[in-house]
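What follows is a short report on a single structure.
Counting starts at 1 for both ligands and their atoms, in listed order. Every value quoted in this text rests on a predicted model; they were computed, and no experiment measured them.
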Amino acid sequence: MNTLQEHWNKIFKETPEEKLGWYESEVTQTIRFLDGVNFENKLVFLPGAGTSRLVDGLIENGAILILNDISNEALTALRKRVGNPEKHYWYCGDISKPLPKEIPAVDIWIDRAVLHFLIEDKEINGYFENLNRIVKTNGYVLLAEFSLNGAQKCAGLNVHRYSADELIERVGCNFKLLKSEEYVYVNPSGGERPYIYTLFKRNGA
Ligand SMILES: C[S@@+](CC[C@H](N)C(=O)[O-])C[C@H]1O[C@@H](n2cnc3c(N)ncnc32)[C@H](O)[C@@H]1O
């Protein structure tokens, strides 16, 4: 049977980056949405980083990254692209499962188009347990997922679509919503993919 890792590895192996259904040559929306957040020497966790160009933008802004993905193919491609890969942490694994203890607490968590692939409540809860465990006091969380009127499938997989209200409820009472916004991403084939963007800040001690 095709495991989830094999599924994603096949996609990253067989598809040129610019043809991926979620590819962005410019990551303007995410960076704009994070306006005011300082990345200099900040530790940023990217679940399901894929081969996103956001990685390059964050590094240019002085961030140190923890790059996670279930696909070792994606992480290998990313590692080849990024200068000084040893400056960053690399973790290949399923983000719905408990993170290794060695992963340090982080200042910022940025998820674009990853959480929505978790379908079972157990997986979603596992994701938020990880997030709650490693995001520091006063840390930021950006979640950008398919919105309620978004596509029902991506990369051949079913997705769980989100409202801002559901994200607020799932992230829990340790976090305060700073802003939310509907955003329509146009994919490389010209298809419209409505997203909900939310930015949270962790409460102080
Ligand atoms: C639609 S892509 C988005 C990639 C990247 N965040 C971006 O915006 O370009 C989803 C990514 O999540 C990864 N992924 C899917 N399920 C995952 C899981 N359970 N744990 C970690 N990564 C996962 C995939 O391998 C893929 O890289």
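Comparing Leu78, Ile70, Thr30 by heavy-atom distance to atom 22 (N) of ligand 1, the nearest is Ile70. Ranked by closest heavy atom to atom 6 (N) of ligand 1, the top entry among Gly50, Pro47, Gly48 is Gly48. Taking all heavy atoms of Arg193, Arg112, Glu123 into account, the minimum distance to atom 7 (C) of ligand 1 is reached by Arg112.
Considering backbone and side-chain N/O atoms, Asp69 comes within less than 3.5 Å of an N/O atom of ligand 1. The N/O atoms of Ser71, backbone and side chain alike, include none that comes under 3.5 Å of an N/O atom in ligand 1. Considering backbone and side-chain N/O atoms, Cys154 never comes within less than 3.5 Å of an N/O atom of ligand 1. Residue Val114 places no N or O, backbone or side chain, under 3.5 Å from any N or O of ligand 1.
Below 4.0 Å from some heavy atom of Phe12 lie the following atoms of ligand 1, by number and element: 25 (O), 26 (C), 27 (O). Each of the following atoms of ligand 1 lies closer than 4.0 Å to a heavy atom of Asn68: 21 (C). With ligand atoms numbered from 1 in the order given, ligand 1 contributes 20 (N), 21 (C) to contacts under 4.0 Å with heavy atoms of Gly93. The distance from ligand 1 to the heavy atoms of Ala113 drops below 4.0 Å at these ligand atoms: 1 (C), 2 (S), 3 (C), 10 (C). Taking every non-hydrogen atom of Phe117 and a distance limit under 4.0 Å, the qualifying atoms of ligand 1 come out as 1 (C), 10 (C).
Closest to atom 20 (N) of ligand 1, if we only count protein heavy atoms, is Ile95 N, 2.9 Å. Annotation: atom 15 (C) of ligand 1 to nearest protein heavy atom, Trp8 NE1, 3.4 Å. For atom 1 (C) of ligand 1, the closest non-hydrogen atom of the protein is Trp22 CD2, 3.3 Å. Protein heavy atom in closest approach to atom 19 (N) of ligand 1: Asp94 OD1, 2.8 Å.
Ring-plane geometry between Trp109 and Phe45 is classed as parallel, the angle between the planes falling under 30 degrees on a 0 to 90 degree scale with a further cut at 60. By the 30° and 60° cut-offs, the orientation of the rings of Phe12 relative to Trp22 is perpendicular.
Contacts between Tyr23 and ligand 1 below 4.0 angstrom, taking non-hydrogen atoms only, are absent altogether. Under 4.0 angstrom from ligand 1, there are no non-hydrogen atoms of Thr51. By the criterion of a heavy-atom distance under 4.0 Å, the side chain of Leu118, and not its backbone, is placed next to ligand 1.
Between the side chain of Glu169 and the main chain of Asp165, no donor-acceptor pair closer than 3.5 Å is present.
In this structure the side chain of Ile31 reaches within 4.5 angstrom of the side chain of Leu54, judged on heavy atoms. At a threshold of 4.5 Å between non-hydrogen side-chain atoms, the residues Val55 and Leu78 count as touching. Side-chain contact between Ile196 and Glu182 is present, with at least one heavy-atom pair separated by less than 4.5 Å. Put simply, the side chain of Leu177 does not reach to within 4.5 Å of the side chain of Leu199, judged on heavy atoms. Lys176 has its side chain out of reach of Arg202: every pair of non-hydrogen atoms, C-beta onward, lies at least 4.5 Å apart.
Crowding of Glu181 atom CD: a count of heavy atoms from other residues, nucleotides or ligands under 6.0 Å exceeding 12. Atom OH of Tyr89 has 12 or fewer heavy atoms from other residues, nucleotides or ligands within 6.0 Å.
The six-membered or imidazole ring of Tyr197 lies near that of Tyr183, with a centre-to-centre distance under 6.0 Å. Taking the six-membered ring wherever Trp is involved, the centroid distance between the rings of Phe146 and Tyr195 falls below 6.0 Å.
For Tyr127, the closest heavy-atom approach to ligand 1 does not fall below 4.0 Å. Judged by the shortest distance from any of its heavy atoms, Ala49 lies inside the 4.0 Å radius around the atoms of ligand 1.
For the pair Arg112 and Thr30, the tightest heavy-atom approach, listed with the atom from each and the gap, is CD-OG1, 4.3 Å.
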